[in-house]
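Bear in mind the structure is a predicted one, so any value in this text is a computation, not a measurement.
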Amino acid sequence: MNKQDTPPTQSVSGAGLQDTTRFGEMPEVANASENFLIAERRSKLKALREAGPAFPNDFRREHFAGDLQAEYADAERFSADALAEAGRTVQLGGRLLAKRVMGKASFAQIQDESGRIQLYLTRDGIGEESYAAFKAMDIGDIVGVSGGLTRTRTGELSVEVKSLRLLTKALRPLPDKFHGMTDVEQRYRQRYVDLIVNPEAREVFVQRSKIIRAMRSWLDARRFLEVETPMMHYIPGGATAKPFTTHHNALDLQLYLRVAPELYLKRLVVGGLERVYEINRNFRNEGVSTRHNPEFTMLELYEAYATYHEIMDLTEQVIRHCAVEVFGTPVREWEGASIDLGPDFRRWRMDEAVRHFNPEISAADCRDREALAAHCARLKIPVKKGYGWGKLLLEIFERTVEGQLIQPTFITHHPVEVSPLARESDSEPGITERFELFINGREIANGFSELNDAEDQAARFRAQVEQKEGGDDEAMHFDADYIRALEYGMAPTGGLGIGIDRLVMLLTNCASIRDVLLFPYMRPEAE
């Protein structure tokens with residue numbers, strides 16, 4: 001809303017509207033406590049209850065603020081005179097975000113899901129009683145208005161209000177502003193307030209929805225079938241991660257919240273659903289950070305008769321499509337880095353990337369457990385006794401390489417030891433046909449040619465069980481039913497998982513995963 005907004009036929013001024021009662025700041029009680037403000041609002045609500053229904057439900061909205069702003073954006077074509085001549089009446093509902101009372105005329109601003117629009121109210125226009133009711137309203141109240149459209153002298157599209165009703169009385173005042181660490185935590189805890197007062201936060205979640213919609217449409221157009229698989233598993237599987245446990249009372253069973261839908265989706269490939277995907281919630285009983293949340297969203301898909309090479313192509317294409325479809329460009333800024341999703345993504349072997357950033361490590365060292373253990377000691381990387389050369393190579397990669405991969409890079413040729421579900425290379429024993437996609441130092445996607453040899457998969461499950469018995473909480477269980485499914489035969493298949501939350505972070509330039517989750521995990525508030 002612009003300053004000095006005045007309908008051209010009036011002499012009153014709306015100067016300073018945003019600087020007076022914005023976001024719940026009430027000059028007459030600016031120094032009062034929040035408890036006083038709440039008590040005052042409760043007193044107003046009591047009076048409303050005594051007068052009749054305090055929360056009416058018979059108002060019907062017919063228009064949206066953002067739609068009107070877009071339709072009448074051309075101020076020259078839709079001048080105040082042109083709007084008056086058209087004589088259009090609009091009816092909107094929204095939250096009162098600002099108001100300035102000036103005698104017989106006032107300005108206000110309301111917000112609905114589409115945006116904001118200014119209101120111009122006069123005592124003569126809405127009547128003495130309604131005008132008095134408006135003056136008693138508080139920032140945060142939800143109102144219904146109707147009237148004609150006009151334009152102020154500064155070009156601000158406004159509703160010249162003819163009727164005004166209070167629909168919902170807000171009992172708590174909106175915050176003046178969010179800033180500092182304490183307020184950032186408040187934003188996450190009270191996302192409903194954040195969405196009211198912070199348009200930027202609201203836009204991130206609108207964009208998130210559009211990104212997922214673009215991803216779905218891209219996959220649907222390529223004959224992928226969206227499916228749903230169980231959230232509670234008898235045996236946790238599909239990823240090396242520590243699961244959450246729960247209990248089914250009626251069956252007296254311990255169950256696990258899924259860490260990944262992988263094994264169920266591949267059962268569907270066995271059943272003949274050759275291209276399947278699920279945009280799913282996963283749960284991992286691990287740490288919380290700017291990159292991790294205990295529950296998160298993944299796209300996971302499987303395509304029969306595809307190798308990890310085709311899945312890398314698919315990954316690159318769907319991410320690029322989402323960027324261009326939603327933002328109009330493949331170039332995105334993310335935490336100060338300009339990320340270009342347009343060119344072909346780099347494809348780099350893990351051992352080559354490790355050697356590039358660690359010249360003292362030779363090619364022979366990359367397969368030598370003792371040599372890699374010595375390099376880990378030099379780099380101060382903690383290791384466990386049971387780690388083989390594959391796990392040690394991964395540890396060195398994560399410590400010295402991962403954070404330096406800024407532009408989109410596929411890291412390929414992972415060791416079998418750290419890839420229990422990936423197909424082993426026919427030409428390089430000990431190496432799998434697997435990739436991980438890194439952008440700006442973060443893992444965005446993981447995929448591979450799937451292991452469809454039931455006997456090999458059973459042996460790998462047994463190795464995982466041994467690791468679990470050795471103290472690895474993230475190692476997998478033995479899933480006998482999945483082995484049985486593979487014994488029926490699964491076509492050569494490529495699989496992919498994309499972290500939706502991290503992809504949204506990239507495309508919307510958010511530094512923390514909490515900024516792209518409507519309700520991120522937080523410790524309970526102290527009483």
Legend entry - Cation-pi check, R346 onto W348 ring (under 6.0 Å, within 45° of axis): yes
Inset, instruction - Take L518 and L195 through the test side-chain contact (heavy atoms from CB on, under 4.5 Å) and record every step on the way to the result. - result: CA-CA 9 Å; L518 280 168; L195 294 173; 4.2 Å; yes
Inset, instruction - Answer yes or no: is there an ion pair linking R208 with D501, defined by an N-O contact shorter than 4.0 Å? - result: yes
Legend entry - Distance-only donor-acceptor check, side chains S114 and D112, under 3.5 Å: yes
Legend entry - Contact check, side chains of S158 and L149, non-hydrogen atoms, under 4.5 Å: no
Legend entry - N/O donor-acceptor pair under 3.5 Å between T409 side chain and L405 backbone: no
Legend entry - Over all atoms of both residues, closest heavy-atom pair of T89 and H63: O-CE1, 3.7 Å
Inset, instruction - Would you check if there is a donor-acceptor pair between the side chains of S106 and Y131 at a distance under 3.5 Å? - result: yes
Inset, instruction - Go through the side-chain N and O atoms of Y277 and D220 and say whether any donor and acceptor fall under 3.5 Å apart. - result: yes
Inset, instruction - Of all the heavy-atom pairs spanning S217 and H321, show the shortest one and how long it is. - result: OG-NE2, 4.2 Å
Legend entry - Donor-acceptor pair, side chain of R502 and main chain of E443, under 3.5 angstrom: yes
Legend entry - Side-chain heavy atoms of L157 within contact of L83, under 4.5 Å: yes
Legend entry - Polar contact flag, side-chain donor to acceptor under 3.5 angstrom, S163-S146: yes
Inset, instruction - Verify the distance criterion only: is there a donor paired with an acceptor across the side chains of T297 and R281 at less than 3.5 Å? - result: yes
Legend entry - R320 side chain vs L341 backbone, donor-acceptor pair below 3.5 Å: yes
Inset, instruction - Examine R222 relative to W218 and say whether NZ or CZ is less than 6.0 Å from the centre of the six-membered ring and inside a 45° cone about the ring axis. - result: yes
Legend entry - Within 6.0 angstrom of R172 CZ, more than 12 heavy atoms from elsewhere: no
Inset, instruction - For R442 and W334, work out which heavy atoms get closest and say how close. - result: CD-CH2, 3.0 Å
Inset, instruction - Grab the two heavy atoms, one from L257 and one from P243, that are nearest each other, plus how far apart they are. - result: O-CB, 4.2 Å
Legend entry - Atom pair CD1/CG of I139 and L97 - distance to nearest 0.5 Å: 7.5 Å
Legend entry - Spacing of CD belonging to Q207 relative to NZ belonging to K210, to within rounding of 0.5 Å: 7.0 Å
Inset, instruction - Flag the pair I117 / Q69 as yes when at least one side-chain heavy-atom distance between them is below 4.5 Å, and no otherwise. - result: yes
Inset, instruction - Would you give the length of the straight line joining atom CG of L517 to atom CD1 of I500, rounded to the nearest 0.5 angstrom? - result: 12.0 Å
Inset, instruction - Could you tell me whether the side chain of F134 reaches within less than 4.5 Å of the side chain of E129, counting heavy atoms only? - result: no
Legend entry - Closest non-hydrogen atom pair between L255 and H248, with its separation: CD1-CB, 3.8 Å
Inset, instruction - Side-chain contact test, heavy atoms from C-beta onward, threshold under 4.5 Å: evaluate it for M312 versus F345 and give yes or no. - result: no
Legend entry - Salt bridge present between K169 and D138 (N-O < 4.0 angstrom): yes
Inset, instruction - Report yes if the distance between the aromatic ring centroids of F438 and F397 is under 6.0 Å, otherwise no. - result: yes
Legend entry - Validation row: Q109, K99 side chains within 4.5 angstrom (heavy atoms): no
Legend entry - CZ/R88: more than 12 non-hydrogen atoms of other groups inside 6.0 Å: yes
Give the table of side-chain donor-acceptor pairs shorter than 3.5 Å for residues 47-62, with sequence neighbours excluded, one pair per line with atom names and distance.
unit_1 : atom_1 : unit_2 : atom_2 : d
D58    : OD1    : R165   : NH1    : 3.0
D58    : OD1    : R165   : NH2    : 3.0
R60    : NH1    : N57    : O      : 3.0
R60    : NH2    : N57    : O      : 3.4

Inset, instruction - Say whether R95 and Q111, considering side chains only, have a donor N or O and an acceptor N or O under 3.5 Å apart. - result: no
I'd like a table of donor-acceptor pairs (distance under 3.5 Å, sequence neighbours excluded) in which one partner is a side-chain atom from residues 503-514, with atom names and distances.
unit_1 : atom_1 : unit_2 : atom_2 : d
T508   : OG1    : V504   : O      : 2.5
N509   : OD1    : E335   : N      : 2.8
S512   : OG     : R514   : N      : 3.1

Inset, instruction - Please lay out, stage by stage, how E40 and R42 fare under the test salt bridge (charged side-chain N to carboxylate O under 4.0 Å, His left out). - result: CA-CA 5 Å; E40 185 178 57; R42 288 190 184 279; over 6 Å; no
Legend entry - Gap separating the OG1 atom of T122 from the CE atom of M102, nearest 0.5 angstrom: 11.0 Å
Inset, instruction - Would you mind checking if R275 and E303 are paired as a salt bridge, meaning a charged N to carboxylate O distance below 4.0 Å? - result: yes
Inset, instruction - Kindly say whether D340 contributes a backbone atom to a donor-acceptor pair with the side chain of Q407 at under 3.5 angstrom? - result: yes
Inset, instruction - Look only at the side chain of R151 and the backbone of Y72, and say whether a donor-acceptor pair between them is shorter than 3.5 Å. - result: yes
Legend entry - M232 atom CE: more than 12 heavy-atom contacts under 6.0 Å: no
Legend entry - Pairwise distance CD1(I211) to CG(L299) - rounded to 0.5 angstrom: 13.0 Å
Legend entry - Whether K44 side chain and M137 backbone form a donor-acceptor pair below 3.5 Å: no
Inset, instruction - Please examine the side chains of L121 and V101, heavy atoms only from C-beta on, and report whether any two atoms are closer than 4.5 Å. - result: no
Inset, instruction - Using distance alone, with no hydrogens and no angle criterion, decide if T229 and E278 have a side-chain donor and acceptor under 3.5 Å apart. - result: yes
Inset, instruction - Flag the pair F244 / F283 as yes when their ring centroid distance falls below 6.0 Å, and as no otherwise. - result: no
Legend entry - CA sep, side-chain torsions, deciding dist, call: Y120, F107, ring-ring contact (aromatic ring centres under 6.0 Å, His included): CA-CA 5 Å; Y120 174 65; F107 286 91; 5.3 Å; yes
Legend entry - side-chain contact (heavy atoms from CB on, under 4.5 Å) evaluation trace for H233 with R258: CA-CA 6 Å; H233 293 178; R258 72 176 173 200; 3.2 Å; yes
Legend entry - Full working for side-chain contact (heavy atoms from CB on, under 4.5 Å) between M215 and L219: CA-CA 6 Å; M215 184 174 285; L219 291 169; 4.3 Å; yes
Legend entry - Under 3.5 Å side-chain donor-acceptor pair for Y188 and Q190: no
Legend entry - I444 side, atom CD1; I439 side, atom CD1 - distance, nearest 0.5 Å: 5.0 Å
Legend entry - Worked check of ring-ring contact (aromatic ring centres under 6.0 Å, His included) between F448 and Y308: CA-CA 5 Å; F448 35 82; Y308 78 123; 9.5 Å; no
Inset, instruction - Before giving the answer on ring-ring contact (aromatic ring centres under 6.0 Å, His included), spell out for F296 and Y521 the whole-Å C-alpha distance, their side-chain angles and the decisive distance to 0.1 Å. - result: CA-CA 10 Å; F296 58 96; Y521 172 78; over 10 Å; no
Legend entry - Minimal non-hydrogen separation, R116 against V197, with atom names: NH2-O, 4.1 Å
Legend entry - K46 (side chain) donor-acceptor with R41 (main chain) under 3.5 angstrom: no
Legend entry - Lys/Arg-Asp/Glu bridge criterion (N-O < 4.0 Å) met for R347, D313: yes
Inset, instruction - Taking the side chain as every heavy atom from C-beta outward, state whether V227 and L265 have any atom pair closer than 4.5 Å. - result: yes
